[in-house]
Engineer: 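Next up is a structure, given as structure tokens.
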2 protein chains.
Amino acid sequence: MTPSRPRRPLTLRDVSMASGVSEMTVSRVLRNRGDVSPATREKVLTAARALGYVPNKIAGGLASQRVNLVAVVIPSLSNLVFPDVLGGISAELDDTGLQPVVGVTHYGPAREETVLYDMLSWRPSGVILAGLEHSRASRAMLEAAGIPVVEIMDVDGDPIDTAVGISHERAGAEMAGHILGAGYRRIGFIGTHMPEDHRARKRLAGFERALGAAGVPLVAREYYQGGSSLAKGRELTERILAREPGLDFLYYSNDLIGAGGLIWAREQGIDIPGKLGLAGFNGVDLLDGLPMRLATTDARRLDIGRRAARIVAGKDPRPEDGIVALAPTFLPGDTIR
Amino acid sequence: MTPSRPRRPLTLRDVSMASGVSEMTVSRVLRNRGDVSPATREKVLTAARALGYVPNKIAGGLASQRVNLVAVVIPSLSNLVFPDVLGGISAELDDTGLQPVVGVTHYGPAREETVLYDMLSWRPSGVILAGLEHSRASRAMLEAAGIPVVEIMDVDGDPIDTAVGISHERAGAEMAGHILGAGYRRIGFIGTHMPEDHRARKRLAGFERALGAAGVPLVAREYYQGGSSLAKGRELTERILAREPGLDFLYYSNDLIGAGGLIWAREQGIDIPGKLGLAGFNGVDLLDGLPMRLATTDARRLDIGRRAARIVAGKDPRPEDGIVALAPTFLPGDTIR
DNA sequence: TTGAAAGCGCTAACAA
DNA sequence: TTGTTAGCGCTTTCAA
């Protein structure tokens with residue numbers, strides 16, 4: 001038999017009355033806290049189930065001054081990379097009783113501020129947020145919150161508390177090394193319109209630095225606005241090669257536009273990787289299965305999520321210097337000779 | 001100057017003392033509620049900002065018995081379709097003061113139960129969840145919650161409260177109509193291993209029903225486990241055609257495996273859409289830019305998110321029969337002749 | 001092992 | 001327009 005629709009939400013007191021056990025003891029049973037006799041325990045659980053009681057965490061959180069939430073603040077969900085990071089986070093949080101709550105900023109610092117304010121107002125046990133660049137107000141809020149704060153994805157900068165990620169500067173530089181090592185010399189770059197995307201900017205900086213150190217200039221760049229897609233990659237690749245037909249390598253700021261470029265170039269009958277080499281960034285496996293595998297860098301998304309979660313959960317200690325730098329890994333693919 | 005790290009979290013009282021205004025009035029200012037003189041208002045805001053005060057929603061929610069959260073429960077984030085749904089939801093919630101909170105079930109009914117229990121314990125103002133199939137206990141919880149519950153994606157079934165989605169039965173049947181209309185007769189199906197994916201199952205049922213009505217049998221099916229990817233699509237397509245070389249059409253349960261099949265078939269030099277036609281499902285735009293555009297059905301993800309959110313937010317009334325059926329839309333592409 | 005009292009930080013309702 | 005009082009539903013603390 002289904003209990004009828006309640007007019008008033010159920011409270012501990014209802015369970016207490018139904019079971020003839022004090023509220024306090026009901027509370028203990030429902031949280032598996034303290035010693036309760038098996039008999040009492042059974043009575044309480046039966047009553048709670050019969051009523052369909054769901055504890056009120058609002059009240060519980062207020063009374064205990066603790067809330068089992070971890071705020072996770074990321075720029076976007078449609079980016080392919082963040083679902084992986086989230087996967088790592090929730091896998092690692094799973095056995096801790098902590099729950100991730102996700103907020104999305106759409107790469108806007110003002111929006112990030114709002115999202116942080118909203119999340120902090122729930123008094124979470126920790127914060128994981130993408131990037132090291134935040135507004136003054138955001139930093140102030142995080143510092144004042146008095147909880148673990150882990151900035152993820154990037155380690156090129158000054159963390160508020162702890163940073164877990166890769167050095168994008170280094171990822172760019174290492175890719176330059178592989179490209180130069182393969183003998184390419186007329187190199188172009190295709191990426192999102194910068195200011196908001198700090199990590200892409202740092203990769204490009206590292207990339208250019210390493211090229212420069214070898215005396216090779218970056219011959220051309222093509223920027224775009226808005227989301228990444230195969231179609232964007234096609235269009236930009238066509239455009240940059242129209243402008244600079246002599247290019248023999250294209251470094252893309254992500255795999256998706258890189259794959260678009262790859263598809264377009266193959267359609268044009270361009271010899272890849274002979275005449276033209278290509279590389280992307282991220283190492284998304286969604287694209288496995290294309291006719292040719294794009295060279296790229298594994299950005300260690302899953303590991304970043306895991307390590308960040310471990311620190312927030314107190315499974316790992318915060319490192320002295322507050323920085324956990326993972327190694328970006330070059331994935332050769334078929335598009336570098 | 002930065003305020004020093006607080007030992008004790010700030011409360012309204014701190015703002016009250018710092019500004020010389022009563023707690024109640026501070027509360028009013030911070031919520032823009034009731035009439036407050038501009039002068040008082042200014043005093044309060046200045047003090048709050050100087051201290052770096054962030055209101056405590058736990059306490060607020062308990063006192064007001066209202067919480068501006070909407071629980072959104074979906075099977076997966078890596079599915080490409082759910083980020084779109086979420087986009088629709090948060091776009092529509094944006095000006096309502098309501099905040100979506102996302103929970104992920106990984107297609108497990110038991111996991112769904114846990115997630116729902118956890119979310120309901122925060123006493124959200126409404127619930128949006130994917131699908132019409134839930135455990136007995138989940139249904140009971142939702143019915144007992146006394147808040148708007150919108151089940152999304154699917155309308156083939158009995159909603160707990162309200163359903164917003166497309167009829168997958170109809171989507172399958174309509175696709176069959178287009179395929180038959182184009183003259184294909186030896187048709188195969190490729191999809192995920194069923195039980196957990198009710199919507200794919202319903203599409204297939206509608207598809208077969210419509211084929212059957214035309215006296216055309218479904219010649220072959222190929223199921224797979226685990227996530228979708230281009231690689232999976234290649235592999236399954238190769239396998240089904242090895243088994244049934246005479247097939248002239250393949251209907252895939254999603255665009256990603258369909259695209260994998262498309263890429264593989266082109267590599268084999270198969271004449272598409274002449275010798276072999278292909279269609280997927282969802283209408284994900286991530287894949288725009290492939291050499292050939294896969295025929296598919298737009299599952300109306302964004303609209304579903306928007307309509308669901310409007311109902312939860314009270315912008316739209318709940319329809320009498322509790323069902324908002326959107327029309328799945330055929331997108332022809334280049335893979336049906 | 002169980003229970004009683006106090007109070008978490010805020011807001012509803014009412015009073016001034 | 002501002003302030004006072006009570007209490008939201010739970011857990012902490014202490015006592016039995």
Side-chain angles (χ1 to χ4, degrees), chain A residues 6-45 47-48 51 53-69 97 118 120-125 145-146, chain B residues 6-45 47-48 51 53-69 97 118 120-125 145-146:
Chain A
R7 201 52 274 129
R8 173 182 59 71
L10 294 164
T11 68
L12 255 193
R13 151 161 259 163
D14 295 304
V15 182
S16 166
M17 308 199 75
S19 62
V21 173
S22 78
E23 288 187 43
M24 195 50 239
T25 300
V26 171
S27 167
R28 284 195 265 255
V29 170
L30 263 23
R31 288 176 298 145
N32 296 308
R33 212 45 79 68
D35 291 318
V36 179
S37 76
T40 311
R41 196 184 152 66
E42 212 39 61
K43 263 195 295 191
V44 169
L45 288 176
L51 294 170
Y53 173 67
V54 177
N56 184 332
K57 288 206 182 166
I58 307 263
L62 183 61
S64 67
Q65 304 284 69
R66 281 179 297 94
V67 156
N68 65 337
L69 298 177
D118 282 350
L120 290 178
S121 72
W122 289 103
R123 301 290 187 264
S125 303
Chain B
R7 201 54 274 129
R8 174 181 58 71
L10 295 164
T11 68
L12 255 194
R13 151 161 259 162
D14 295 306
V15 182
S16 167
M17 307 198 76
S19 61
V21 174
S22 78
E23 289 186 43
M24 194 55 235
T25 300
V26 171
S27 167
R28 285 195 265 253
V29 170
L30 264 22
R31 288 176 298 145
N32 297 309
R33 212 47 78 69
D35 291 318
V36 179
S37 76
T40 311
R41 197 185 151 66
E42 213 38 64
K43 264 194 293 188
V44 170
L45 288 176
L51 294 171
Y53 173 69
V54 177
N56 184 331
K57 288 206 182 167
I58 308 261
L62 184 61
S64 65
Q65 304 284 68
R66 280 180 297 93
V67 156
N68 66 337
L69 299 177
D118 282 349
L120 290 178
S121 71
W122 288 106
R123 301 291 187 264
S125 302

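This one's a predicted model, so the numbers in the text were calculated from it and none came from an experiment. Proteins get letters first, then strands, A, B, ... in listed order; numbering begins at 1 in each.
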Engineer: Nearest of C:dC10, D:dC10, C:dG3 to any side-chain atom of A:Ser22?
Structural biologist: C:dG3
Engineer: Side-chain contact, heavy-atom cut-off 4.5 Å: A:Leu30 with A:Tyr53?
Structural biologist: yes
Engineer: Using OP1 and OP2 only, check whether a side-chain N or O of B:Arg31 sits under 4.0 Å from C:dA12.
Structural biologist: yes
Engineer: Side chains of B:Arg41 and B:Asn32, heavy atoms from C-beta outward: is any pair under 4.5 Å?
Structural biologist: yes
Engineer: Are more than 12 heavy atoms from other residues, nucleotides or ligands located less than 6.0 Å from atom CZ of A:Arg13?
Structural biologist: no
Engineer: In whole Å, what is the span from the CE atom of A:Met24 to the P atom of D:dC10?
Structural biologist: 11 Å
Engineer: Look at the side-chain N and O atoms of A:Ser64 and state whether any lies under 4.0 Å from the OP1 or OP2 oxygen of C:dC8.
Structural biologist: no
Engineer: Rounded to whole angstroms, how far apart are CH2 on B:Trp122 and P on D:dC8?
Structural biologist: 19 Å
Engineer: Assuming nearest nucleotide by heavy-atom distance, tell me which of B:Gly20 and A:Arg66 is located more 5' along DNA chain D.
Structural biologist: B:Gly20
Engineer: How many whole angstroms separate atom CG of A:Leu30 from atom C1' of D:dG9?
Structural biologist: 13 Å
Engineer: Please compare B:Gln65 and B:Val36 by the position of their nearest nucleotide in DNA chain D and report the one closer to 5'.
Structural biologist: B:Val36
Engineer: Between C:dG3, C:dC10, D:dT1, spot the one nearest the side chain of B:Asp35, thanks.
Structural biologist: D:dT1
Engineer: What integer distance in Å separates A:Leu62:CG from D:dC10:P?
Structural biologist: 12 Å
Engineer: Would you mind reading off the distance between A:Lys57 atom NZ and C:dG9 atom P, rounded to a whole angstrom?
Structural biologist: 20 Å
Engineer: Are B:Val54 and A:Arg123 close enough that some pair of their side-chain heavy atoms sits under 4.5 Å apart?
Structural biologist: yes
Engineer: Specify the closest pair of heavy atoms between B:Ala47 and B:Ala18, including all atoms of both residues, with the distance to one decimal.
Structural biologist: CB-CB, 4.1 Å
Engineer: When you get a sec, tell me which of C:dT2, C:dC8, D:dT11 is the closest nucleotide to the side chain of A:Thr40?
Structural biologist: C:dT2
Engineer: A:Arg28 side chain: which of C:dA13, D:dG9, C:dT2 is closest?
Structural biologist: C:dT2
Engineer: Between atom CD1 in B:Ile58 and atom P in C:dT11, what is the gap in whole Å?
Structural biologist: 13 Å
Engineer: Classify the nucleic acid contact of B:Arg41 as base, sugar-phosphate or nothing, counting any heavy atom under 4.0 Å across all strands shown.
Structural biologist: nothing
Engineer: Please state how far atom CD in A:Glu23 lies from atom C1' in D:dC8, giving the value in whole angstrom units.
Structural biologist: 13 Å
Engineer: Could you tell me whether the phosphate oxygens of C:dG3, OP1 or OP2, come under 4.0 Å of any side-chain nitrogen or oxygen in A:Thr25?
Structural biologist: yes
Engineer: Roughly how many Å is it from CG in A:Leu12 to P in D:dT12, rounded to a whole number?
Structural biologist: 12 Å
Engineer: Which nucleotide in the list D:dT13, D:dC10, C:dA12 gets nearest to the side chain of A:Tyr53?
Structural biologist: D:dC10
